[in-house]
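Since the structure comes first, as structure tokens, the remarks are kept for the end.
Numbered from 1 within each chain, the chains take letters A, B, ... in sequence-line order. What you see is a predicted model, and the numbers here were worked out from it, not measured in a lab.
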There are 2 protein chains.
Amino acid sequence: MYICSMYSKELLKGTLSAIVLKLLAENGKMYGYQITQMVKQLSDNKILLKEGSLYPALHKLKDEGLITVETENIGKRVRHYYTLTQEGIKVKDAKEAELKDFINTISKVITSQL
Amino acid sequence: MYICSMYSKELLKGTLSAIVLKLLAENGKMYGYQITQMVKQLSDNKILLKEGSLYPALHKLKDEGLITVETENIGKRVRHYYTLTQEGIKVKDAKEAELKDFINTISKVITSQL
DNA sequence: TTGCATACATCGTAAATCTATGTATATTTG
DNA sequence: CAAATATACATAGATTTACGATGTATGCAA
């Protein structure tokens, strides 16, 4: 990976977990690398998740009980598939709503001219 | 102040300087407290800037040469008015464009269902 | 066989905002 | 008038979050 996101990294803060939860909600079980590729694709190469961001984030979501892990052997490789829990679905809904509202609000502030 | 923003604080990261620069661009010279009140108003009380966020951010923008300070005595009080520099205008334009693009991209990612 | 893509992991760092706290004046309200 | 609230600034320390760098290893294509 090792390629920089188009955006200042601070902008992504607070949105990563919402994005991951949303993708899992839409696509069922996914594994880490697959998530990075889908985010890359959906964002037209503008958001390039780093391993140092995604894997710790996934582990945290698991520790919080929002996702569960399922291990699958692909040849000699091990792949970790993640799935939303019931609690994860709830949190995903909340985070999605919050993010959408935030985007609305910021848009209002940034476009307004009193 | 001491009232929490409606949003998880992380969401605001990366947007604060863009917001401040944008407000200064639209309104000419402004002082700190005035900025907090205008953000509060424009966001329908959803974004409540804390002193501990705004003042350090303003000092940083000043150190970076993006804004200049002008002191005014209001009775026994001192008020610090901030104004965009030429460089500040450029950075404001860039940050505004970046933020708008980021919002577009995030919206796409969060609403998409492959 | 050399490089690139896939696939995971983690340590230490940097950046940004918030919490808490402090100082002080001005205004409003009971 | 006293008390509470609003105005107005400031900063030290804590927290959070994502990233950079690095490491391991397999699979595939040039």
If you go through the side-chain atoms of A:Lys9, does one of them form a donor-acceptor pair with the base of D:dA18 closer than 3.5 Å?
no
Donor-acceptor pair present, B:Lys13 side chain and D:dT17 base, under 3.5 Å:
no
Under 4.0 Å between a side-chain N or O of [X] and OP1 or OP2 of [N]?
X       : N      : value
B:Lys60 : C:dA16 : yes
A:Tyr31 : C:dA7  : yes
B:Tyr55 : D:dT11 : no

By the 4.0 Å heavy-atom rule, please label A:Leu16 as base, sugar-phosphate, or nothing.
sugar-phosphate
With sugar-phosphate meaning primed atoms plus P, OP1 and OP2, does B:Gly32 contact a base, only sugar-phosphate, or nothing at under 4.0 Å between heavy atoms?
sugar-phosphate
Can you tell me how far [atom2] of [N] sits from [atom1] of [X], to the nearest Å?
X       : N      : atom1 : atom2 : result
A:Lys50 : C:dC11 : NZ    : C1'   : 18 Å
B:Leu58 : D:dA10 : CG    : P     : 8 Å
B:Ile35 : C:dT17 : CD1   : P     : 13 Å
A:Leu49 : D:dA18 : CG    : C1'   : 10 Å
A:Ile74 : C:dA7  : CD1   : P     : 8 Å
B:Leu12 : C:dA15 : CG    : P     : 19 Å
A:Glu51 : D:dA25 : CD    : C1'   : 14 Å
B:Asn73 : C:dT25 : CG    : C1'   : 13 Å

Residue met sooner reading DNA chain D from 5', once B:Arg79 and A:Leu54 are mapped to nucleotides
B:Arg79
Transitively linked via ILVMFWY side-chain contacts under 4.5 Å: B:Met38 with B:Ile74?
no
Flag if over 12 foreign heavy atoms under 6.0 Å of NZ, A:Lys100:
yes
Under 4.5 Å between any side-chain heavy atoms of B:Glu64 and B:His59, yes or no?
no
Between A:Glu98 and A:Lys95, is there a salt bridge with N-O shorter than 4.0 Å?
no
Starting from the 5' end of DNA chain C, give me the residue, A:His59 or B:Arg77, whose nearest nucleotide shows up first.
A:His59
Mind running side chain to side chain donor-acceptor pair (under 3.5 Å) on A:Tyr7 and B:Thr105 for me, showing each step along the way?
CA-CA 10 Å; A:Tyr7 303 115; B:Thr105 301; 2.7 Å; yes
